[in-house]
2 protein chains.
Amino acid sequence: MADINLAAAKARPPRLEPEAGAAGSEPQWDVIELLFFAYRDFVGDPDDVLEKLGFGRAHHRVLHFVNRNRGMKVADLLEILRITKQSLGRVLKQLVDEGYVIQKEGESDRRQRLLYVTEKGEALALKLAQLQTTRITRALNEVGPEASEAARKFLAAIIDTDGRAGVLDLIERANVARRRD
Amino acid sequence: MADINLAAAKARPPRLEPEAGAAGSEPQWDVIELLFFAYRDFVGDPDDVLEKLGFGRAHHRVLHFVNRNRGMKVADLLEILRITKQSLGRVLKQLVDEGYVIQKEGESDRRQRLLYVTEKGEALALKLAQLQTTRITRALNEVGPEASEAARKFLAAIIDTDGRAGVLDLIERANVARRRD
DNA sequence: AATTTATGTCAGCCATGTTGACATATTTTG
DNA sequence: CAAAATATGTCAACATGGCTGACATAAATT
């Protein structure tokens with residue numbers, strides 16, 4: 001019942017084995033739709049908590065990355081989120097006004113307004129991450145440790161080849177930085 | 001260089017082996033962020049094409065599911081997309097007006113306005129799917145066939161346990177229906 | 001005949017993205 | 001040092017795509 005069964009789709013191979021990525025290859029309908037539904041549910045988890053605070057997903061994204069990359073520059077956040085500074089400004093201002101994020105002048109470069117979470121901000125970021133972690137951990141347990149690593153590799157491989165190294169570096173450096181505390 | 005290296009994060013196991021999904025378990029920061037970046041790039045592919053046509057991602061989602069589930073009811077589409085009929089109405093009307101989608105009265109139930117893609121609509125849906133398929137196929141090739149199946153299982157396992165069977169059924173039935181043509 | 005269902009529509013609001021112009025402080029460069 | 005570049009913020013206006021609420025119509029069901 002809870003068994004994941006994609007066997008039927010797998011059982012019947014395509015009539016013509018498509019060359020990898022060729023223009024004529026069959027669309028990956030299943031993966032396209034799995035990504036859609038998986039992401040829909042994945043981002044849906046924190047919504048209730050956010051709504052009670054008058055926040056949306058935009059606030060979540062900002063808080064998440066500030067929590068993970070404390071002391072990051074505004075410019076870095078803009079690049080990660082790929083939004084304009086005006087869009088960021090709105091949600092960031094709210095997070096600052098309500099005491100979830102603070103901005104400190106850069107020491108070496110005093111033009112910078114480096115971003116930090118407050119304790120309140122960290123607590124919320126953690127709460128939201130835990131909701132998503134519950135879902136992820138359940139999924140990883142279902143598929144087992146080998147498939148878990150495969151899933152991570154697949155997700156990384158979906159990222160733009162250009163930006164991938166940077167993204168993996170960002171994740172890794174955030175992990176290291178957090179461990180130091 | 002193009003090598004996917006998450007080894008560093010894997011090499012150091014957490015100090016306390018967390019019980020699966022327990023409240024105290026460490027957040028799955030890496031998977032959370034991989035999902036974010038992967039999805040960001042995944043949905044970014046079709047944007048350029050859509051923009052030239054005056055469409056957005058909302059149109060893409062509608063066109064995608066109508067193409068995959070021809071003759072579907074409006075109510076089914078609303079449930080899949082989890083939006084209101086008013087939101088759907090706006091984008092659907094544009095797709096119909098511009099000849100990408102047509103609505104036919106249901107035969108058994110004449111209240112229904114069943115949704116179909118036109119040839120033009122099918123062509124666009126296919127074009128957009130091919131863009132995403134290129135990315136997906138590249139990723140699947142990178143990780144290999146076993147990891148590919150693992151990735152599909154993981155994505156399915158991320159979906160709400162309630163809705164999962166329905167989603168997998170939807171995907172499977174669409175596959176079958178398309179093969180019949 | 002009354003009710004329910006499937007769908008559509010009007011009106012307005014909200015969140016979050018966009019562009020463009022401009023301001024300020026600070027650093028870097030010629 | 002003066003000029004240019006950089007990091008950031010802000011104002012204004014607009015677009016997309018969500019939302020609620022109210023109401024309408026036709027067809028099916030009870």
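Order of the sequence lines fixes the chain letters, A, B, ..., with proteins taken first and strands second; residue numbering starts at 1 for each chain.
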Between CZ of Arg113(B) and C1' of dA24(D) the distance, given in whole Å, is 13 Å

I'd like to know if Arg111(A) reaches the base of dT6(D) with its side chain such that a donor and an acceptor end up less than 3.5 angstrom apart. yes

Is the phosphate of dG9(D), meaning OP1 or OP2, less than 4.0 Å from a side-chain N or O of Gln103(A)? yes

- Ignoring hydrogens and angles, are the base of dG17(D) and the side chain of Gln86(B) linked by a donor-acceptor pair under 3.5 Å? no

Would you say dT16(D) has OP1 or OP2 under 4.0 Å from some side-chain N or O of His59(B)? no

Considering every strand and a 4.0 Å limit on heavy-atom distances, what is the contact class for Gly56(A): base, sugar-phosphate, or nothing?
sugar-phosphate

Original post:
Salt bridge between Asp160(A) and Arg135(B), side-chain N to carboxylate O under 4.0 Å?
Top reply: yes

Side chain Arg40(B), main chain Ile159(A), donor-acceptor under 3.5 Å:
no

Rounded to whole Å, CG of Leu50(B) lies from C1' of dG17(D) at a distance of 14 Å

Among dC19(D), dA6(C), dG17(D), the one nearest any side-chain atom of Ile83(B) is dC19(D)

Between CG of Leu115(B) and P of dG8(C) the distance, given in whole Å, is 8 Å

| Is it the case that Arg152(B) and Gln28(A) place a side-chain donor and acceptor less than 3.5 Å from each other? | yes

From CG of Leu78(A) across to C1' of dA7(D) the rounded distance in Å is 10 Å

To the nearest angstrom, the CZ-P distance between Arg82(A) and dT18(C) comes to 12 Å

Phosphate contact (dA27(D) OP1 or OP2) by Arg110(B) side-chain N/O below 4.0 Å: yes

Rounded to whole Å, CZ of Arg61(B) lies from C1' of dG17(D) at a distance of 8 Å

Please determine if a side-chain N or O atom of Ser87(A) lies less than 4.0 Å away from the OP1 or OP2 oxygen of dT18(C). yes

(request) Report yes if a side-chain nitrogen or oxygen of Arg90(B) is closer than 4.0 Å to either non-bridging phosphate oxygen (OP1 or OP2) of dC10(C); otherwise report no. (result) no

Result for 5'-nearest mapping on DNA chain C, choosing between Glu107(A) and Ala58(A), is Ala58(A)

Report task. For Lys85(A), answer base if it contacts any base atom (sugar-phosphate contacts may also be present), sugar-phosphate if it contacts only those atoms, and nothing otherwise; contact means non-hydrogen atoms under 4.0 Å. Result -> base

> Would you call Lys127(B) and Glu122(B) a salt bridge, taking side-chain N to carboxylate O under 4.0 Å as the test?
Replying inline: no

Leu53(A) CG to dA15(C) P, in whole Å, measures 14 Å

Lys/Arg-Asp/Glu bridge criterion (N-O < 4.0 Å) met for Asp41(A), Arg82(B): yes

Original post:
NA contact type, Lys73(B), heavy-atom cut-off 4.0 Å: base, sugar-phosphate, or nothing?
Top reply: sugar-phosphate

Requested in this report: Ignoring backbone atoms, establish whether Thr84(A) has a side-chain N or O less than 4.0 Å from OP1 or OP2 of dG17(C).
Outcome: no

Leu114(B) atom CG is separated from dA6(C) atom P, nearest whole Å, by 12 Å

- Message: Under 4.0 Å between a side-chain nitrogen and a carboxylate oxygen: does that hold for Glu142(A) and Lys153(B)?
- Response: no

